J.: 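Mind looking over this structure? Questions follow.
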2 protein chains.
Amino acid sequence: MKTPSVKRKVKMADIGAALGVSAMTVSRAFKGDAGINARTRAAILAKADELGYVFDATASNLRKSRTGFVAITVPSVENANFSATVRDLTKRLQKKNLQILLANTEYDPAEEERLIVQLLRRKPEAVVLTGAQHSQRTRALLTNVQIPVVEIWDLPEQPLGHVVGFSNRTSMSGLVDHMVRTGRRRLAFLGGETANDPRGVQRRAGFVEAMERHGLDATRLIPAGSAPVGMTEGAAGLDLLLDQYPDTDGLLCVSDLVAFGALAQCKRRGVRVPEDLAVSGYGNYEIGRVCEPPLTTIDVHAGQIGSRTADLILDLLDAPAEGAAQRHVIQPDLILRRSTP
Amino acid sequence: MKTPSVKRKVKMADIGAALGVSAMTVSRAFKGDAGINARTRAAILAKADELGYVFDATASNLRKSRTGFVAITVPSVENANFSATVRDLTKRLQKKNLQILLANTEYDPAEEERLIVQLLRRKPEAVVLTGAQHSQRTRALLTNVQIPVVEIWDLPEQPLGHVVGFSNRTSMSGLVDHMVRTGRRRLAFLGGETANDPRGVQRRAGFVEAMERHGLDATRLIPAGSAPVGMTEGAAGLDLLLDQYPDTDGLLCVSDLVAFGALAQCKRRGVRVPEDLAVSGYGNYEIGRVCEPPLTTIDVHAGQIGSRTADLILDLLDAPAEGAAQRHVIQPDLILRRSTP
DNA sequence: ACCAAAATAGTTATCGTTAACATAATGACG
DNA sequence: CGTCATTATGTTAACGATAACTATTTTGGT
């Protein structure tokens with residue numbers, strides 16, 4: 001077996017030379033459908049394999065001015081909800097040989113801006129942004145760009161382009177309605193500080209709005225620490241709550257993780273759920289289904305957001321410049337479980 | 001404001017033309033450090049901004065034959081452990097303006113192979129594979145490739161290149177030792193079926209090996225369904241276990257999620273943990289810290305795997321062809337909590 | 001056997017940036 | 001005031017695949 005001492009990169013022309021055909025013919029063999037003799041193609045592909053040829057997408061992309069990249073920014077892939085979205089988006093786009101360019105903003109608009117600049121240099125064919133909060137410069141960059149821009153996980157008032165999202169506000173306010181319908185009146189909201197978690201802010205706003213609509217006290221807002229908040233903060237938050245408002249009979253948490261933490265703390269303090277305190281979460285994480293008692297929650301269909309975004313992008317890439325910005329509103333579902341009466 | 005009806009892409013030469021300099025000078029202005037007059041650079045950058053220029057990484061990559069891509073395959077970003085690895089890897093590489101190309105194998109070696117082919121076409125500068133199980137062709141492709149290959153999350157016997165991982169086997173076997181040390185003898189293992197979860201297989205092997213070493217019965221192996229298994233399967237698995245081996249006094253689960261499901265089911269059935277049954281998890285997920293009782297578990301330092309892999313890659317890219325394949329072994333930590341005596 | 005249509009292959013120039021080399025301007029110094 | 005660094009810029013030719021065009025064969029219908 002001949003091992004070339006200096007591994008010069010094999011290119012299409014080399015394969016062509018070895019078979020007495022032109023580079024163009026080799027290119028056709030790799031494209032799949034173009035008019036090329038089946039025998040020629042087979043020979044080319046075989047020779048390519050033999051020479052250890054690897055197609056160079058960089059050169060192809062430059063010439064075709066199509067990259068097959070789709071850029072996506074997420075606050076954090078570590079969040080189970082966002083990762084479900086990323087997974088289903090990736091899954092569907094992967095099938096069409098589109099490549100995800102993933103970037104984590106760490107909940108920081110300045111970092112988002114830096115990343116967007118980097119991502120745009122790669123000439124993606126679409127950009128997906130999780131959330132509606134962007135720096136001025138990010139907005140400017142993205143309105144000038146000639147590719148589809150999709151904001152997901154929110155319903156921004158001034159969208160940059162297309163939207164696939166749901167109303168954090170309305171869904172949380174529906175949850176309040178349910179609590180009130182079942183007789184609870186002294187409700188509290190437990191969530192992260194407002195700094196850089198726009199979804200938390202919206203959910204809190206939904207809580208306040210619904211409480212005021214019912215003529216109830218909307219001031220029991222417990223800060224659980226800076227976003228992203230989790231179980232630990234939920235447990236600590238419950239202590240804060242009961243210190244300050246011991247007669248609370250319903251607790252709405254910004255996420256299932258927080259609610260689970262609160263639940264665990266209830267158990268330790270001997271607070272009965274839901275008899276003494278009804279507790280709800282948000283996001284329909286697996287944990288809420290399995291804990292005791294199981295959590296009433298909102299299913300935002302995180303995976304569906306990903307797959308519908310993928311469908312939208314695939315459509316837009318097929319039929320370019322297809323008129324106005326689309327707005328896909330996902331309906332979150334209220335899931336009733338035993339943590340509320 | 002003049003809106004060009006046909007937005008022809010602005011390139012370096014256009015900026016140069018507008019300022020009476022050559023494209024090369026513009027290129028130098030964007031490179032940062034090269035010998036170029038400060039005033040000239042400022043003018044160029046300003047003009048670039050004015051014209052809405054976006055640097056074309058595709059062309060640059062082709063010319064330089066460096067892409068700044070790092071490819072990584074993961075069974076599923078949805079798994080909290082893998083996503084912690086991805087996050088810390090991304091975080092560190094992002095800072096150096098390396099771009100992650102993420103691909104989900106869905107625990108399927110055939111899909112992994114397909115994705116590797118796609119990824120290699122993008123000319124990444126390094127490839128990271130989660131796990132040691134690869135198809136024959138994948139192995140062939142990756143041994144011929146001229147870039148660093150890193151396998152993580154395992155210690156493969158025949159590594160393809162570098163390794164950053166830990167021993168699932170040894171760590172699980174250490175957990176058995178602990179159970180035995182604290183007086184438990186009738187131990188069972190609860191995990192997914194073996195088909196395509198090599199890490200689960202290793203953990204099970206560690207269980208069996210340790211049990212045999214102690215001269216104990218190693219046959220209580222409960223299948224919890226096909227990987228990836230979660231809380232739901234854990235709960236169902238506990239029922240299976242107690243039906244078959246009611247006198248079991250220690251249960252080792254393949255993950256914290258499974259252990260939590262089992263724990264919840266114990267509570268429903270009135271089984272006291274740890275008095276009647278000691279339970280342990282694996283992976284140190286947040287849930288194990290907060291549930292009641294908190295779970296004894298193994299912390300595999302998932303985030304650390306990501307950051308050490310990032311460091312390794314950065315080193316290798318700086319000092320290319322730096323001799324032999326490196327093997328970084330991470331020491332998992334045994335975390336004792338109240339679910340075991 | 002003849003010709004149009006279809007199938008197959010080749011040529012050339014290009015996508016936008018940048019390495020490598022060439023050139024021009026500036027200054028330092030004996 | 002010439003000589004040699006030093007700094008700043010320009011010129012040319014790639015990187016590798018492929019669109020657009022042209023050229024050559026096959027095919028099939030009459």
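In the text below, chain A, chain B and the rest are named by the order of the sequence lines, each starting its count at 1. This structure is a prediction, so every number in the text was calculated from the model and none was measured. Excluded from the calculations below are hydrogen atoms, water molecules and symmetry mates; all remaining heavy atoms, backbone and side chain alike, are included.
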J.: When we call it a touch if two heavy atoms are under 4.0 Å apart, what does B/V26 touch: a base, just sugar-phosphate, or nothing?
T.: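 The residue B/V26 makes no contact with any strand.
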J.: On DNA chain D, compare the nucleotides closest to B/S22 and B/S65; which residue's is nearer the 5' end?
T.: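 Nearest-nucleotide comparison on DNA chain D picks B/S22.
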J.: Using the side-chain hydrogen bond (donor to acceptor under 3.5 Å, both in side chains) rule, pick out the option among A/T309, A/T130, A/T85 that qualifies with A/W153.
T.: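 Option passing the side-chain hydrogen bond (donor to acceptor under 3.5 Å, both in side chains) with A/W153: A/T85.
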J.: For B/L62 and C/dA19, what is the distance between atoms CG and C1' respectively, to the nearest whole Å?
T.: 13 Å
J.: Got a sec, which pairs hit ring pair (Phe, Tyr, Trp, His ring centres under 6.0 Å) with one end in residues 85-129 of chain B, sequence neighbours left out?
T.: none
J.: Provide, to the nearest angstrom, the distance between the OH atom belonging to B/Y53 and the P atom belonging to C/dG16.
T.: 10 Å
J.: How many whole angstroms separate atom CZ of B/R41 from atom P of D/dT7?
T.: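 It works out to 15 Å between those atoms.
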J.: Can you see if the side chain of B/S60 gets near the phosphate of C/dT18 - specifically, an N or O under 4.0 Å from OP1 or OP2?
T.: yes
J.: Within the 4.0 Å heavy-atom criterion, would you say A/T58 contacts the bases, only the backbone, or no part of the nucleic acid?
T.: nothing
J.: If you compare every side-chain N and O of B/K31 against the phosphate oxygens of C/dA19 (OP1, OP2), does one of them come in below 4.0 Å?
T.: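 For B/K31, the contact criterion (side-chain N or O under 4.0 Å from OP1 or OP2 of C/dA19) is met.
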J.: Starting the side chain at C-beta, find the nucleotide from D/dA19, D/dA17, D/dG16 nearest to A/F55.
T.: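 The listed nucleotide nearest to A/F55's side chain is D/dA17.
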J.: Given atom NZ of B/K64 and atom P of C/dA19, what is their separation to the nearest angstrom?
T.: 7 Å
J.: From the options C/dT17, D/dA19, D/dG10, select the nucleotide whose nearest atom is closest to the side chain of B/D56.
T.: C/dT17
J.: Expressed in angstrom and rounded to an integer, what is the separation of A/N37 atom CG from D/dT27 atom C1'?
T.: 14 Å
J.: Classify the side chain of B/R28 and the base of D/dG10 as holding, or not holding, a donor-acceptor pair under 3.5 Å.
T.: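 Donor-acceptor pair under 3.5 Å: yes.
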J.: Check every atom of D/dA19, D/dT9, C/dG16 against the side chain of B/A59 and return the nucleotide holding the closest atom.
T.: C/dG16
J.: Do we see a donor-acceptor contact under 3.5 Å between the side chains of A/R114 and B/N97?
T.: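 The criterion, which ignores hydrogens and geometry beyond distance, is satisfied for B/N97 and A/R114.
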J.: Is a side-chain donor or acceptor of B/K123 paired with a backbone partner of A/V54 at a separation under 3.5 angstrom?
T.: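 The answer is yes, because a donor-acceptor pair under 3.5 Å joins these two groups.
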J.: Could you tell me how far apart A/R66 (CZ) and D/dA19 (P) are, to the nearest whole angstrom?
T.: 11 Å
J.: Measure CE/A/M24 against P/D/dA19 and give the value in whole Å, please.
T.: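 After rounding, the gap between these two atoms is 6 Å.
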J.: Between A/L19 (CG) and C/dT8 (P), how many Å, whole number?
T.: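 Going from A/L19 (CG) to C/dT8 (P), I get 17 Å.
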J.: Starting the side chain at C-beta, find the nucleotide from D/dC15, D/dT11, C/dT8 nearest to A/K11.
T.: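 So the nucleotide nearest the side chain must be D/dC15.
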J.: Measure from the side-chain heavy atoms of A/T25 and tell me the nearest of C/dT17, D/dT18, C/dA9.
T.: C/dA9
J.: I'd like to know if A/R63 reaches the base of D/dT18 with its side chain, counting only an N/O donor and acceptor under 3.5 Å.
T.: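 For A/R63, whose side chain was compared with the base of D/dT18, there is a donor-acceptor pair (under 3.5 Å).
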J.: With the side chain of A/K9 defined as its heavy atoms from C-beta on, choose the nearest nucleotide among C/dG10, C/dT18, D/dG16.
T.: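 Of C/dG10, C/dT18, D/dG16, D/dG16 is nearest to the side chain of A/K9.
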J.: Report yes if some heavy atom in the side chain of B/D197 is under 4.5 Å from a heavy atom in the side chain of B/P228; otherwise report no.
T.: no
J.: Side chain of A/S27 only, heavy atoms from C-beta on: which candidate in D/dG16, D/dT18, C/dT17 is closest?
T.: D/dT18
J.: Flag the pair B/K47 / B/Y53 as yes when at least one side-chain heavy-atom distance between them is below 4.5 Å, and no otherwise.
T.: no
J.: Between B/G20 and A/M12, name the one whose nearest nucleotide on DNA chain D is closer to the 5' end.
T.: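 Closer to the 5' end of DNA chain D: B/G20.
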